[in-house]
Amino acid sequence: MEVVHSEYVPDPDRTHEEMAELQRDLVADAVFADDVDFAPADVALDDPPEDRTPEAGQQTLSAGPAEAYDPEGPPVVVGIDQAFVDDEEAVSAAVAIQDGAVVERAVGRRPLEIPYIPGLLAFREGGAIVDALQNLSVPGDLLVLDGSGRIHFRQAGIATHVGVVFDTPAIGVAKSLLCGEPRESLDQYFEAGERVAIEADDEVEAPTGDVIGYAFQSRQYPNPEKRHVNPLIVSPGHRVDEETAVDFVEALCAGYKLPEPTRLADRDVGRLK
DNA sequence: GCGACAG
DNA sequence: ATCTTGTCGC
């Protein structure tokens with residue numbers, strides 16, 4: 001894939017104030033509304049068989065060699081995840097999926113220049129992600145990032161940042177809430193499929209009360225009282241609205257908490273260490 | 001100053 | 001994110 005807005009490529013070599021300013025600039029080019037030429041149903045994965053037990057295995061997508069990419073085929077969804085090597089290098093893995101099969105895997109690396117700072121994650125891990133996506137030869141139609149998108153102090157989470165840099169539809173999938181106010185307490189158990197809107201509060205640079213994302217329960221155990229799963233925090237990155245972002249994530253989940261593209265990238269980056 | 005904070 | 005074996009529940 002190729003960078004479209006090079007002026008927004010995250011550069012660790014600048015002050016925190018300049019980073020925040022770059023985020024405000026790129027948000028002006030971010031689109032939190034649908035601008036995608038395909039629907040969640042077009043990339044939906046098969047529902048998991050009911051009889052799946054750990055022993056039977058839940059492998060939904062092949063972990064083996066990539067299948068052939070079809071330029072005329074269904075949309076390509078790219079899952080991306082990061083890991084760190086000795087706290088000195090960020091490694092990013094991108095896995096491209098088309099028609100339920102892996103068509104390509106790419107890796108990106110970048111030295112870790114700055115520490116983790118809430119709100120400035122893209123400047124720590126973004127370089128490796130951009131590197132991985134540039135190493136991806138097939139054009140991704142939808143990017144699924146681990147982290148927030150619009151659910152961010154300046155509405156410029158890592159999913160928004162990367163989505164705008166490549167001007168490609170993107171979604172942020174986080175495991176915990178960075179900011180914003182859930183309409184309903186998340187300190188309770190939800191059933192698979194439930195969604196709780198996250199609204200902007202006074203620490204988000206958006207009209208207070210605006211829905212900026214959702215807590216989405218992708219899966220749940222039979223008896224949450226004994227064993228439960230926490231909801232995913234989904235927010236639009238670029239060119240998708242809040243509801244559509246969740247619809248895509250739901251379509252991409254195949255029996256596990258995380259959407260399949262993310263799981264595969266997770267696994268890739270894990271064995272790369 | 002206090003509190004809150006993706007990965 | 002990362003350090004890490006066994007252990008509980010499905």
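Within every chain, numbering begins at 1; the chains are lettered A, B, ... in the order of the sequence lines, protein sequences first and strands thereafter.
- Rounding to whole angstrom units, CD1 of residue A:Ile158 and P of C:dA1 are separated by 13 Å.
- Distance CD (A:Glu225) to P (C:dC10): 12 Å, rounded to an integer number of Å.
- Taking atom CZ of residue A:Phe84 and atom C1' of nucleotide C:dC3, one finds them 15 Å apart after rounding to whole Å.
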- Run the side-chain contact (heavy atoms from CB on, under 4.5 Å) check on A:Glu199 and A:Ile212 step by step: do they pass? CA-CA 6 Å; A:Glu199 302 180 342; A:Ile212 55 179; over 6 Å; no
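- Atom-to-atom, NE2 of A:His228 to C1' of C:dC10 comes out at 15 Å; the value is rounded to the nearest Å.
- Remark: C1' of B:dC5 and CZ of A:Arg124 are 15 Å apart, rounded to the nearest angstrom.
- Both the sub-6.0 Å distance and the 45° axial angle are not jointly satisfied by A:Arg195 relative to the ring of A:Phe190.
- If you find the closest nucleotide of DNA chain C to A:Asn223 and to A:Asp266, the one lying nearer the 5' end belongs to A:Asp266.
- Taking side-chain N and O atoms only, A:Lys273 has no distance below 4.0 Å to OP1 or OP2 of C:dA1.
- Spacing between atom CZ of A:Phe153 and atom P of B:dG3 amounts to 16 Å, rounded to whole angstrom units.
- The side-chain contact (heavy atoms from CB on, under 4.5 Å) test with A:Gln82 singles out one residue from A:Ile129, A:Val91, A:Asp266, A:Leu121, and that residue is A:Ile129.
- The phosphate of B:dC5 (OP1 or OP2) has no side-chain N or O of A:Ser176 nearer than 4.0 angstrom.
- Using a 4.0 Å heavy-atom distance criterion, A:Tyr116 is classed as a base contact.
- Contacts of A:Asp146 with the nucleic acid, taken as non-hydrogen atoms under 4.0 Å apart, involve only primed sugar atoms and P, OP1 or OP2.
- Distance CE (A:Met19) to P (B:dA6): 18 Å, rounded to an integer number of Å.
- Remark: A:Tyr221 is not in phosphate contact with C:dG9, judged by side-chain N or O atoms under 4.0 Å from OP1 or OP2.
- Distances were taken from every side-chain heavy atom of A:Pro222 (C-beta onward) to each of B:dC5, C:dC10, B:dA6; the shortest belongs to C:dC10.
- One can place CG of A:Leu121 at 21 Å from P of B:dA4, the figure rounded to the nearest angstrom.
- Here the two rings, on A:His228 and A:Tyr189, have centers that are under 6.0 Å apart.
- Side-chain contact check for A:Ser92 and A:Glu125: no donor-acceptor pair (N or O, by modelled atom type) lies under 3.5 Å.
- Using a 4.0 Å heavy-atom criterion, one finds that A:Ile129 contacts no nucleic acid atom at all.
- The residue A:Gly172 sits apart from the nucleic acid: no heavy atom pair falls under 4.0 Å.
- Relative to the side chain of A:Arg227, the nucleotides C:dC8, B:dA6, B:dA4 differ in distance, and C:dC8 lies closest.
- Counting non-hydrogen atoms under 4.0 angstrom, A:Ala83 reaches the backbone sugars and phosphates but no base.
- Heavy-atom nearest nucleotides on DNA chain C were determined for A:Asp81 and for A:Lys226, and the one closer to the 5' end corresponds to A:Asp81.
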